[in-house]
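Data first, discussion second: the structure below is written as structure tokens.
To find a chain, count down the sequence lines: A is the first, B the second, and so on, and within it residues start at 1.
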Amino acid sequence: MEKAYQPKEVEDRLYENWEKDGSFAGKINPEHPAYSIVIPPPNVTGVLTMGHVLNNTIQDILARRARQHGYSTLWLPGTDHAGIATQTKVEQQLRKEGKTKHDLGRDGFLEHAKEWRDKHGGIILKQLRKLGCSCDWERTVHTLDPDYSRAVLESFVRLFHNGYVYRGKRMVNWCPVSLTALSDEEVIMKPQNGKLYKIRYELTDSPSEYLEVSTTRPETIMGDVALAIHPDDERWPSLKGRKVRRPLQPAEIPIIADQAVEKDFGTGMLKITPAHDPLDFEIGQRHDLEIIDVFNPDGTLNHLGGPEFSGMDRFEARKATVEKLREQGDLIDEEDHANNVGFSERADVPIEPRLSEQWFLRYPRVEEAKRAVSQGFIRYFPERWTKTYLHWLENIQDWCISRQLWWGHRIPVWYRKGSSRSDPQNWHVSVDGPEDPDNWEQDEDVLDTWASSWLWPIATMGWPDKEEMHKQGLDYFYPTSALVTGPDIIFFWVARMIMAGLEFKGEPVDPKTILSDEEIQKRIPFRDVYFTGIIRDSKGRKMSKSLGNSPDPLDLIEKYGADGLRHGIMSIAPKGQDIRFSEERIEQGRNFCNKLWNVSRFRQMSDNSVRTSDLKSILKRIQPEQLNQDDHAILLRLIETLDEVDRLYGQYEFNSALQSIYRFFWNDLCDWYVENSKSRMREGKDKDTCLAVQDLCLRQVLLLLHPVTPFITEELWDVLGFSAGKSIQWVCPGNGEKLLEEIRSVGIILDRLALTEILAIRELVTSMRALKAERNLASNNKVEFFYLSDDSKAEVLNRHLSSIQSSVGIAAFNRTVSAPNGMPALVTSFGSVYMDLASGIDVDAEKARLNKELESLDKIISNIEKKLSNEAFTGKAPPQVVEGARKQLAENQAKRQETTEALQALA
RNA sequence: GGACGGCUAGCUCAGUUGGUUAGAGCGACUGGUUUACACCCAGUAGGUCACAGGUUCGAGUCCUGUGCCGUCCACCA
């Protein structure tokens with residue numbers, strides 16, 4: 001074995017083996033329970049980020065653990081076509097070649113985009129392999145695959161026929177750069193420092209009398225069709241029925257009253273521009289006002305904006321209109337104003353509220369979706385996200401699902417040529433289209449990407465084709481066991497998948513029928529949802545390409561190994577909390593792997609002739625009568641650890657589980673057990689028993705770690721001879737109880753007191769080491785120690801004598817009957833311990849140390865005494881707590897007594 | 001404006017239903033190659049648990065309020 005673990009060769013070799021032997025294949029096997037996960041499909045053109053590393057490592061841990069526990073496991077991978085993102089990239093590419101999408105035409109563009117996708121896409125799936133992800137690659141799905149696309153269209157058609165889908169001319173979020181409508185979720189509110197302009201509108205029946213209006217968007221004045229005031233405003237009675245003159249594109253517009261106007265904001269007077277503001281639109285509807293759209297789709301002004309501004313960009317026009325108003329004397333005031341402006345998530349420009357004809361979806365199964373989570377049929381980890389989820393569902397708005405793009409699923413609606421598109425009489429809605437296509441033209445728009453990915457858990461498993469569903473195991477693997485994703489897409493994806501599952505899984509149900517709880521449980525797409533945190537850089541900033549603060553995971557794999565990266569990232573990922581990334585943690589992960597490698601090497605160097613594969617034959621090598629306290633203690637700790645890890649994994653507490661394994665492996669096993677076993681290796685009496693115990697511990701550690709660090713554990717599993725041809729992937733670590741049973745079955749009864757005793761001995765060794773270290777005697781074995789104890793304690797010390805001597809590194813540790821003078825002393829649970837220094841000691845330094853010790857003891861004692869003398873405490877606290885305090889007092893008093901004596905002995 | 005999360009050692013974080021003297025890793029410092037590992041071993045220092053009240057025999061933990069950081073939701077032009 002190499003002196004240091006070399007991950008590169010091991011990882012590539014093992015991954016190839018796993019893939020070749022079909023380890024990751026999700027088999028439909030009714031003899032076994034199913035465990036399934038569908039991957040949150042990354043953008044087909046994306047590359048691996050630290051977020052993906054975290055997210056997919058967690059999924060891999062779940063999948064691998066399930067395999068070990070005997071579940072027939074499917075982790076289904078795939079990619080998302082990512083409408084706007086991908087189309088934008090392809091268009092950028094075209095632009096470099098001096099072309100636009102219109103040069104190619106729709107079909108040509110799609111052909112081009114597909115080629116581009118096939119050439120550049122899917123990189124991320126290769127990167128996931130490097131990370132060790134155990135996805136069933138045979139089942140990779142892309143949202144634009146023919147079958148998947150059919151499922152998407154089918155869902156639209158069904159929703160349409162059930163009355164959930166409608167077409168309407170409404171206010172939508174318009175992105176003037178992408179030239180498409182967006183859903184509310186794709187709009188990001190950002191605080192902006194703008195200006196609030198105060199503008200005067202002249203009353204037509206009383207020239208020189210003006211009303212003042214505040215606005216942040218003077219460039220829309222040409223679209224004003226009214227001024228509005230709150231009906232309770234005292235000015236209303238005198239304004240009712242009167243009119244004002246619009247200061248730009250002059251026209252006479254009415255003054256109206258509407259409840260929606262805030263009396264106390266600005267001047268209490270609101271200009272109504274129904275074409276460019278959602279609230280204004282609403283008010284316009286109520287008062288049956290005209291709609292004047294002064295913008296072109298790309299955010300420039302059109303002819304209705306007037307000749308002076310026509311063709312200008314909206315922000316340019318803002319400046320120009322302000323200037324014009326100023327010239328006219330209509331600008332009364334301008335002041336700085338902070339407000340929130342909605343930005344397009346993709347293009348990062350302010351969205352434009354725009355009236356347009358779009359397809360909308362009234363969400364199906366909203367009530368059932370709430371119930372699925374509030375009743376715990378779907379469990380959220382951490383639980384607090386249920387509140388966010390429910391709040392969104394309470395206030396849910398219809399979903400604009402049409403996008404003015406080409407890259408995506410084209411809406412399966414055809415309009416009769418030459419007829420009005422507004423009249424449903426002229427619509428044809430079906431997956432395959434009309435039989436006489438020449439008489440129809442298809443809707444130009446595509447569906448929102450999320451309106452395809454919300455079908456992910458069912459459409460990746462054959463839905464809606466009955467035969468395919470059966471073949472692909474929808475009924476076997478669904479509902480999927482767990483979903484691992486970020487809370488940022490709880491609305492975009494998680495909530496919508498739940499509704500889609502409820503609506504589409506199983507037999508169709510009338511929209512008016514509410515699903516029963518039983519039915520809900522059958523239809524939900526997943527049982528547990530684990531929300532990861534967001535990975536931030538060391539300064540707490542979100543990782544992003546533009547900041548350049550995101551390390552390339554592949555570089556990290558190169559440097560630390562995939563296992564090191566996985567271990568590192570998992571050790572810092574508290575449940576659902578944001579994560580501060582630091583490369584040092586990844587280094588720790590690598591170090592951990594190296595430690596594992598080296599303790600295995602030690603095991604091999606001790607004796608590589610003994611190789612046993614399964615638990616039973618390892619146990620058979622143990623001679624029960626040769627087991628010492630160390631053996632009992634380590635086995636008990638192993639059992640504790642197995643249970644703890646089992647429980648923590650079950651609660652998705654990955655970092656705690658890892659910490660628990662770490663503690664057992666590094667502290668208990670390596671630092672103490674293996675160290676102590678060195679003398680047993682040398683002496684040879686009980687060497688085989690000791691090696692068997694080592695094997696048992698190592699075997700279980702490998703099993704527990706395998707989900708986190710799959711490569712090194714598989715490699716060592718083989719090297720240490722545990723495999724006998726069977727991969728670690730299929731071996732269950734079992735729990736503490738099960739191991740205890742196995743141990744009993746070979747006639748070993750573990751002694752719980754041994755663990756307590758060993759812990760006390762460790763504490764003793766630690767303080768003896770400290771006493772030495774303070775004098776820089778760490779490597780000096782010549783020192784002698786004495787102890788002053790009663791018989792029972794002396795007996796214990798005697799039993800551990802050789803291990804204490806070698807652990808501390810001393811020549812002798814003998815019992816003495818009286819306190820030796822002039823020696824530094826320790827007060828321990830085994831009595832007083834003295835260090836004999838050949839050359840004299842620094843009495844003053846010793847005194848200082850012991851006095852410090854006394855001081856701290858006095859503080860503790862007086863605190864306990866105070867507590868115990870308080871009748872309220874002795875009366876009200878539970879007896880065992882009071883008893884504990886008394887015991888503690890006695891112990892500390894004894895310690896003080898001995899310390900005082902030691903101090904006197906120095907004088 | 002509303003909701004949620006965070007604030008514990010220099011840094012990153014643990015800390016179960018309130019109960020002994022608040023822990024770990026990293027970093028710092030000291031010392032170390034004895035049958036694996038310097039990607040290692042031994043040890044030391046370092047904390048007014050954000051702040052202010054309250055409940056309680058007892059509060060890092062529960063309650064109220066405040067502050068700072070972060071996230072999400074919201075039609076004040």
Side-chain angles (χ1 to χ4, degrees), chain A residues 1 3-5 189 196 213-217 228 260-262 264-267 269-273 277-282 337 339-340 353 382 384-385 387-388 391-392 395 487-488 490-491 534 536 538 540 542 560 564 571-572 574 576-582 584-585 587-588 590-606 655-656 659 662-663 667 670-671 674-675 678 681-682 766 769-779 781 806-809 856-857 859-860 863-864 867 870-878 880-882 884-885 887-889 891-892:
Chain A
M1 289 174 85
K3 193 172 170 186
Y5 175 54
M189 299 306 285
L196 188 62
V213 175
S214 290
T215 181
T216 54
R217 304 205 58 192
V261 181
E262 289 287 330
D264 301 327
F265 186 86
T267 59
M269 189 71 68
L270 180 62
K271 73 184 200 62
I272 305 299
T273 321
D277 183 276
L279 178 64
D280 291 7
F281 177 72
E282 228 178 79
H337 181 68
N339 64 339
N340 284 323
R384 64 186 149 87
W385 292 110
K387 203 172 168 180
T388 308
H391 181 256
W392 185 71
N395 300 288
D488 49 331
I490 192 164
F491 311 136
I534 293 165
R536 301 175 172 281
S538 57
K542 226 169 172 170
Y560 303 106
S571 72
I572 48 173
Q577 219 66 267
D578 284 2
I579 294 143
R580 285 282 167 104
F581 177 79
S582 85
E584 280 162 11
R585 303 302 292 252
E587 203 178 318
Q588 269 180 65
R590 190 258 327 251
N591 295 353
F592 184 86
C593 292
N594 192 241
K595 186 79 175 175
L596 194 60
W597 180 260
N598 269 290
V599 78
S600 303
R601 236 177 101 218
F602 174 75
R603 166 65 186 82
Q604 286 305 81
M605 288 162 94
S606 300
N655 67 327
S656 303
Q659 204 183 5
Y662 186 104
R663 249 202 322 273
N667 302 336
C670 294
D671 290 349
V674 170
E675 281 309 311
K678 283 177 180 172
M681 297 290 108
R682 226 176 358 247
T766 301
R769 279 172 177 166
L771 200 61
K772 267 183 76 187
E774 277 167 27
R775 284 158 195 80
N776 291 345
L777 295 173
S779 67
N781 285 332
S806 62
S807 301
V808 183
S856 114
L857 283 168
K859 216 168 118 191
I860 293 166
N863 276 340
I864 306 171
K867 201 193 268 187
N870 183 348
E871 273 175 39
F873 174 70
T874 49
K876 288 186 186 174
Q880 67 268 28
V881 171
V882 179
K887 208 173 137 199
Q888 195 194 333
L889 180 65
E891 276 167 15
N892 283 291

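- The listed nucleotides are C40(B), A36(B), G19(B); the one nearest the side chain of Val881(A) is G19(B).
- Counting to the nearest Å, the P atom of C26(B) and the CZ atom of Phe581(A) are 17 Å from each other.
- Taking the C1' atoms as reference points, A38(B) lies 14 Å from G31(B), given to the whole Å.
- Residues satisfying the side chain to side chain contact (heavy atoms under 4.5 Å, CB included) criterion with Arg580(A), sequence neighbours excluded, are absent altogether.
- With contacts defined as side-chain heavy-atom distances shorter than 4.5 Å, the pair Lys3(A)/Arg601(A) qualifies.
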Tabulate protein N/O versus nucleotide N/O from nucleotides 72-76 of chain B, keeping only pairs under 3.5 Å, one per line.
from	atom 1	to	atom 2	distance (Å)
A74(B)	N6	Asn340(A)	ND2	3.0

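- Counting non-hydrogen atoms under 4.0 angstrom, Lys271(A) reaches nothing in the nucleic acid.
- OP1 and OP2 of C39(B) both lie 4.0 Å or more from every side-chain N or O belonging to Asn598(A).
- Rounded to the nearest Å, the gap between the P atom of G43(B) and that of G60(B) is 29 Å.
- Looking at heavy atoms from C-beta onward, Val213(A) lies out of side-chain contact with Leu270(A) at the 4.5 angstrom threshold.
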Worksheet item: Once Watson-Crick and G-U wobble pairs under 3.5 Å are found, how is RNA chain B written in dot-bracket notation, 5' to 3', with | for any base paired to another strand?
Response: (((((((..((((.....[...)))).(((((.......))))).....(((((..]....))))))))))))....
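- Here the C1' atom of nucleotide A36(B) and the CE atom of Met605(A) are 6 Å apart, to the nearest Å.
- You'll find a donor-acceptor pair under 3.5 Å spanning the side chain of Lys678(A) and the base of A36(B), going by distance alone.
- Annotation: ring pair (Phe, Tyr, Trp, His ring centres under 6.0 Å) contacts of Tyr662(A) (sequence neighbours excluded): Phe592(A), Trp666(A).
- The 5' end of RNA chain B is approached more closely, in terms of each residue's nearest nucleotide, by Lys387(A) than by the other of Ile864(A) and Lys387(A).
- Contacts of Thr273(A) classified as side-chain hydrogen bond (donor to acceptor under 3.5 Å, both in side chains), with partners at least two apart in sequence or in another chain: Asp224(A), Lys271(A).
- The side chain of Asp671(A) sits closest to A42(B) out of A77(B), G19(B), A42(B).
- At a threshold of 4.0 angstrom between heavy atoms, the contacts of Pro487(A) with the nucleic acid are absent.
- No donor-acceptor pair under 3.5 Å is formed between the side chain of Arg769(A) and the backbone N or O of Gly809(A).
- Within the nucleic acid shown, Val261(A) comes within 4.0 Å of at least one base atom, counting heavy atoms only.
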Response to the item:
Nucleotide by nucleotide, nucleotides 6-11 of chain B touches protein heavy atoms under 4.0 Å in the pattern (B base, S sugar-phosphate only, - none) S-----
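- Rounding to whole angstrom units, OH of residue Tyr5(A) and P of C37(B) are separated by 18 Å.
- Lys887(A) comes within contact range of no nucleotide atom at all, as no heavy-atom separation falls under 4.0 Å.
- The nucleotide whose nearest atom lies closest to any side-chain atom of Cys670(A) is, among G43(B), C4(B), A36(B), A36(B).
- Side-chain atoms of Glu675(A) stay outside donor-acceptor range of the base of A42(B), with no qualifying N/O pair under 3.5 Å.
- Listed here is the closest heavy atom pair of Val599(A) and Cys670(A): CG2-SG, 4.0 Å.
- What you find for Ala885(A) and Ile864(A) is that their closest heavy atoms are O-CG2, 3.4 Å.
- Remark: the separation of the C1' atoms in A77(B) and A3(B) is 25 Å, to the nearest Å.
- Taking atom P in both U55(B) and G46(B), the straight-line distance is 35 Å, to the nearest Å.
- Between Arg682(A) atom CZ and U34(B) atom P the separation is 13 Å, expressed in whole Å.
- In the set C39(B), C4(B), A42(B), the nucleotide with an atom closest to the side chain of Ala4(A) is C39(B).
- Side-chain N/O atoms of Lys595(A) and base N/O atoms of C37(B) include a donor-acceptor pair closer than 3.5 Å.
- Applying the salt bridge (charged side-chain N to carboxylate O under 4.0 Å, His left out) test to Arg217(A) and every residue at least two apart in sequence or in another chain returns Glu219(A), Glu352(A).
- What separates CG of Asn892(A) from P of U20(B) is a distance of 14 Å, to the nearest Å.
- Take Thr216(A) and apply the side chain to side chain contact (heavy atoms under 4.5 Å, CB included) test, not counting sequence neighbours, and it matches Leu196(A), His337(A), Asn339(A).
- By the side-chain hydrogen bond (donor to acceptor under 3.5 Å, both in side chains) test, Asn395(A) pairs with His391(A), sequence neighbours left out.
- A28(B) and G67(B) are spaced 39 Å apart, taking the P atom of each and rounding to whole Å.
- With sequence neighbours left out, the salt bridge (charged side-chain N to carboxylate O under 4.0 Å, His left out) criterion links Glu675(A) to Lys678(A).
- Following rounding to the nearest Å, Asn591(A) (CG) and C41(B) (P) show an atom-to-atom distance of 10 Å.
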Practice prompt. Go along nucleotides 44-49 of chain B 5' to 3' and tag each nucleotide: B for a protein heavy atom under 4.0 Å from its base, S when only backbone or sugar atoms are that close, - otherwise.
Written response: S-----
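- Atom name P, nucleotides C69(B) and C29(B): the rounded distance is 34 Å, in whole Å.
- For the C1' atom pair drawn from G27(B) and A9(B), the interatomic distance equals 11 Å after rounding to whole Å.
- Using a 4.0 Å heavy-atom distance criterion, Arg590(A) is classed as a base contact.
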Produce the list of close N/O pairs, under 3.5 Å, pairing protein atoms with atoms of nucleotides 22-25 of chain B; give distances to one decimal.
from	atom 1	to	atom 2	distance (Å)
G25(B)	O2'	Gln588(A)	OE1	2.6
G25(B)	O2'	Gln588(A)	NE2	3.0

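- Between Lys3(A) and Thr216(A), the residue whose closest nucleotide on RNA chain B is further toward the 5' end is Lys3(A).
- For a distance-only test at 3.5 Å, the side chain of Arg601(A) fails to qualify as a donor-acceptor partner of the base of C37(B).
- To the nearest angstrom, C1' of C40(B) lies 14 Å from CZ of Phe602(A).
- As rounded to whole Å, 12 Å separates atom C1' of A38(B) from atom CD of Glu587(A).
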